[in-house]
Amino acid sequence: MASSVSGICSSSPSLKPKTPAAKPSVSGRREAVSFPSSSKLVDRAQSLSLTRSVAREISSDLAKADGAAAKKKPGLEKDSRSLWGRYVDWLYQHKELGLLLDVSRIGFTDEFVEEMEPRLQAALKAMEELEKGAIANPDEGRMVGHYWLRKSELAPTRFLKAQVENTLDAVCNFAADVVSGKIKPPPTSPVDRFTQILSVGIGGSALGPQFVAEALAPDNPPLKIRFIDNTDPAGIDHQIAQLGPELASTLVIVISKSGGTPETRNGLLEVQKAFREVGLDFAKQGVAITQENSLLDNTARIEGWLARFPMFDWVGGRTSEMSAVGLLPAALQGIDIREMLAGASLMDEANRTKVVKNNPAALLALCWYWASDGIGSKDMVILPYKDSLLLFSRYLQQLVMESLGKEFDLDGNRVNQGLTVYGNKGSTDQHAYIQQLREGVHNFFATFIEVLRDRPPGHDWELEPGVTCGDYLFGMLQGTRSALYANDRESITVTVQEVTPRSVGALIALYERAVGIYASLVNINAYHQPGVEAGKKAAAEVLALQKRVLSVLNEASCKEPVEPLSLEEVAERCHAPEDIEMIYKIIAHMAANDRALIAEGSCGSPRSIKVFLGECNVDALYA
Ligand SMILES: O=P(O)(O)OC[C@H]1O[C@](O)(CO)[C@@H](O)[C@@H]1O
């Protein structure tokens, strides 16, 4: 029975005005500063409570970056003839892909390029080894093989090659059968074809499929796609409500490499409940994409789901778009996945050259290093001037930040590396934050993504003499690029002819490789994510504490008369006095959600709160 009383916790706790105080040192956080001297670095490292030796190592690492980039940073070239020369000299073109990379508005010097050459060669060598099957993720003892997904011949064993090829065939066949209606929803469905996909997954098991759907799904795809990528009950309800009666013709694809991610598990349980409530048999509409023998795989097998596709140990979540994770949803939406793979493969090939000027991923990594001093001192703002590429920055956020945002380097030195990524799309963002980019704090470099083809042939018209709507978009991009540069804000421009499966595949491959090369340049493991575990562990601890709180409250509520408890008393009885703040938050959250909990007092004055349960659960007393 759920009840709560008298507007408990209905208003936010009052916030005291902040009094300025000396900033405490934040462990592990390095401020973004340009080219600090070595002695300053040592001071800073010491203030971060690092040992002297670690401080010295950081100092010397950054001194290297100083050597390679910082000390020589001249003002940006402004003479238009010289700039044109620079543009032409450095322009990279991939003819077959119709892709251009312009790095002329990044101000690196020839001397910097020369100094970086040996490190770039080492990085390219490392990529070569990785493609051959080296253990490129030493922490987890794993190979990193996403490049094999688009060129199975590269896989280091026949077994792995067959795995890639068989999975691709299985994905294509299954998608073709679903789209053609050979694989049908159960007879309870009012229509005899699957019409919708509900994709349940998070992080790398969602961001690639979301980006690709937004970029490439036709206006009327054979199956429309929706996503549950969180454990937000209202968000989940919304997706299910939007499906309405079409739930009966929805293919639910549950994607989780590990097969045990809580958000994804919760999404699955919620969807299964929705199926039960309307009398549908989930198993007949469920598809799992996960590692063999994971919890999800075993559940799907035991429950007899419609299909299961493998995820491989050697493919990381954030580089899984070209595995079944990305390919199955894409194929079901009528996207040509072989073209995506072809685009990625062509890009990979280009990125194998050891000539840096002809290697677009190496050029990107070089620019990132220059622009952010090899320490992430500047953010990377991604600005695609094309609505369909809206989610590219969101996709890149995980690819770049989960890969590069690391506390330690490969030698165990504390480095707090990373590269912040954000952005939406142009010209929309010109009316949001470009003001600050042009004139405000100088803490970023931009990447423009330009798409030359405005709309399919035969549809264009001039909305004023000689000018189309797309000309405006073009003008906005060029204008912003020039205006930023005029104010010493650097930028990269990636140009594609059109947004096609091939160009999207190429873009994904370009950034995957640039991240790998950059990681080598700064000597970090791009393929693990130890930091994510801390949050997951803490969340599990909160839920465990909540169970203890409930048990303590139940005990007090089973007394005659019922014993309302203060927060201090609850914390004491949970043997967790140090967790009183968390206990307060747990109680406030439960009270806001009709959880058989009666809290008296006011959320704004936590000391006034007395809490008890509406009912005694006798069974729980003896559990
Ligand atoms: O596919 P899984 O195992 O559910 O993991 C989802 C995501 O969670 C992470 O492990 C951590 O956020 C990502 O790397 C991954 O893409």
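Counting convention: from 1, in listed order, for ligands and their atoms alike. All of these numbers come straight from a predicted model, not from anything done at the bench.
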Is Q398 close enough to touch ligand 1? Criterion: a residue heavy atom under 4.0 Å from a ligand atom.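 Yes; Q398 lies near enough to ligand 1 that a heavy-atom distance drops under 4.0 Å.
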With under 30° as parallel and over 60° as perpendicular, where do the rings of F448 and Y385 fit, or are they tilted in between?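 The rings of F448 and Y385 sit tilted, inter-plane angle from 30° to 60°.
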Can you confirm whether K284 sits close enough to L306 that some side-chain heavy atom of one is under 4.5 Å from a side-chain heavy atom of the other? no
Determine, considering heavy atoms only, which of H528, E533, Q291, K536 sits nearest to atom 8 (O) of ligand 1. K536
Residue, atom name and distance, where the atom is the protein heavy atom closest to [atom]:
atom                    : value
atom 11 (C) of ligand 1 : V532 CG1, 3.4 Å
atom 6 (C) of ligand 1  : I202 O, 3.3 Å
atom 14 (O) of ligand 1 : E402 OE1, 2.7 Å
atom 16 (O) of ligand 1 : G204 N, 2.7 Å

Within a distance under 4.0 Å of any heavy atom of T261, pick out the atoms of ligand 1 and give their elements. 2 (P), 3 (O), 4 (O), 5 (O)
With the threshold set at 4.0 Å, does a side-chain nitrogen-carboxylate oxygen contact exist between K125 and E128? yes
Pair Q210-D229, side-chain donor/acceptor within less than 3.5 Å: yes
So, E512 versus T319: side-chain donor-acceptor pair below 3.5 Å or not?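 No pair is found: no donor N or O on one side chain lies under 3.5 Å from an acceptor on the other.
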Partner of R318 by side-chain hydrogen bond (donor to acceptor under 3.5 Å, both in side chains), out of E402, H146, Q397: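 Of the listed options, the one satisfying the test is E402.
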Hey, is ligand 1 close enough to T264 that some N/O pair sits below 3.5 Å? no
